[in-house]
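Input: one structure, supplied below.
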Amino acid sequence: MPVEVLESPFNPWQRLQDYETRPEAPHGRIGATAVFVGTMRDFNLDDGVAAMTLEHYPGMTEGYLERISAEADARWGLLDSLILHRVGRLAPQDPIVLVAVWSSHRREAFEACRWLMEELKSKAPFWKRETLTDGSARWVEENTRGY
Amino acid sequence: MPVEVLESPFNPWQRLQDYETRPEAPHGRIGATAVFVGTMRDFNLDDGVAAMTLEHYPGMTEGYLERISAEADARWGLLDSLILHRVGRLAPQDPIVLVAVWSSHRREAFEACRWLMEELKSKAPFWKRETLTDGSARWVEENTRGY
Amino acid sequence: MWVKVKFFASLRELMNRADARVELPEGGSVEDVWLAASDGREKPANVLAAVNMEYVDFSAPVRDGDEVAFFPPVTGG
Amino acid sequence: MWVKVKFFASLRELMNRADARVELPEGGSVEDVWLAASDGREKPANVLAAVNMEYVDFSAPVRDGDEVAFFPPVTGG
């Protein structure tokens, strides 16, 4: 159930590989791993996007992510989970968020992973500011709904 | 949309990293990646499982996976997808299946990934035979439902 | 006409063979292929059938040269 | 009593500050904190509030020493 807010780029697949090979990982009991990775696109609302800056509320962000992580672990009986989220300046293709959950069964893994992403997108205090390819900048006003 | 039936162990995270770094991957348009990995557990129905042998129907298996892959690509407007499935003799913790989908938006990624797994589990011609820790062997009779 | 028959997994063990080749009258169905290939064994509940690698019902027609497969419920993933 | 105030993202730019410290009478609410900290600016639609890093309504009470944050809808993930 670790959560991390990261100031610099991360490789989601490398992080998952490292995380799963920890000696204390619940190896033999895992039957299902569900992962979501959100990546910065080079377009939004029909405009080209050149860069993005992600702001957050230090303390509240981590506290909120830890709370939903613990809630998902309890609600779906997860064996483990991991949430990583970038802040700072991002370039197109940079990973923004990783949510991974480990479970004995797939139904729980799928549902918990999606629920965590929706909770994160609707309430975790992060804000995106886009720099467009024409040089102008704008705040992203709201996230699309995921269900 | 590649599908592969693999005779030897694979590392899902390494395969994803390799797949995403192909020059022809649809890089800037990807906003959402949803991944499911099914892993061999060391227990099933309260019994310890020491090994598993996966049998398939060569030709029909690949054809079926290619068809559901194309159907998901079309139905959810996916940018890309990847399905890998092991056959042969597996040990606990070995990855059995990887389903990954790439999309501009998360709703489509989550739904397509889960749909592909349910289609695969309900109809792809694979069969599991378990060797238990007491030395006995049995065919797995049916998959649990995922919705 | 002649058709190729395949058995998989627990059904292969039950029938004691993976492959067979059977002759049956023109116009036969998958059900007829089972009868011709199973040495009179009762069809287990839940057995599935495919003709030329596509799922079919047991009432589906077969043609000369078809590949007809029988197998138990699938358990991949 | 005194409370710490924080503004984030577009609201930080609109208010032209990230932090403030305001005094208000005991028994005040989050709404009162907004009035005291906003120099009379109208509250934008959709603005959210947190007290001590927990989401609250604008009617929620505040106490001396609380940290009250205002921000626009979140857009992470």
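All values derive from a computational prediction rather than experimental measurement. Here is how names work: the chains are called A, B, and so on, in the same order as the sequence lines, proteins then strands, and each is numbered from 1. What's counted below: heavy atoms across the whole structure, side chains too, no hydrogens, waters or symmetry copies.
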Identify the residues of residues 3-21 of chain B whose heavy atoms come closer than 4.5 Å to a heavy atom of chain A, ordered by number, or report 'none'.
-> B/Asn11, B/Trp13, B/Gln14, B/Leu16, B/Gln17, B/Glu20
Chain A: which of B/Arg29, B/Lys121, B/Arg107, B/His27 shares the most heavy-atom pairs with it under 4.5 Å?
-> B/Arg107
Distance in Å, A/His105 NE2 paired with B/Arg145 CZ, rounded so as to fall on 0.5 Å steps | 15.5 Å
Quick one: pull up CH2 in A/Trp115 and CZ in B/Phe110 and give me the separation to the nearest 0.5 Å.
-> 12.5 Å
What residue, out of B/Met117, B/Glu111, B/Arg114, B/Gln93, has the most heavy-atom pairs lying under 4.5 Å from chain A?
-> B/Arg114
Determine yes or no for a side-chain-to-main-chain donor-acceptor pair under 3.5 angstrom, with A/Arg106 supplying the side chain and B/Glu118 the backbone.
-> no
Given the options B/Ser104, B/Cys113, B/Ala34, B/Ala100, which has more heavy-atom pairs under 4.5 Å with chain A than any of the others?
-> B/Ser104
Sorted by number, residues from residues 37-46 of chain B in contact with chain A (heavy atoms, under 4.5 Å) | B/Val37, B/Gly38, B/Thr39, B/Met40, B/Arg41, B/Asp42, B/Phe43
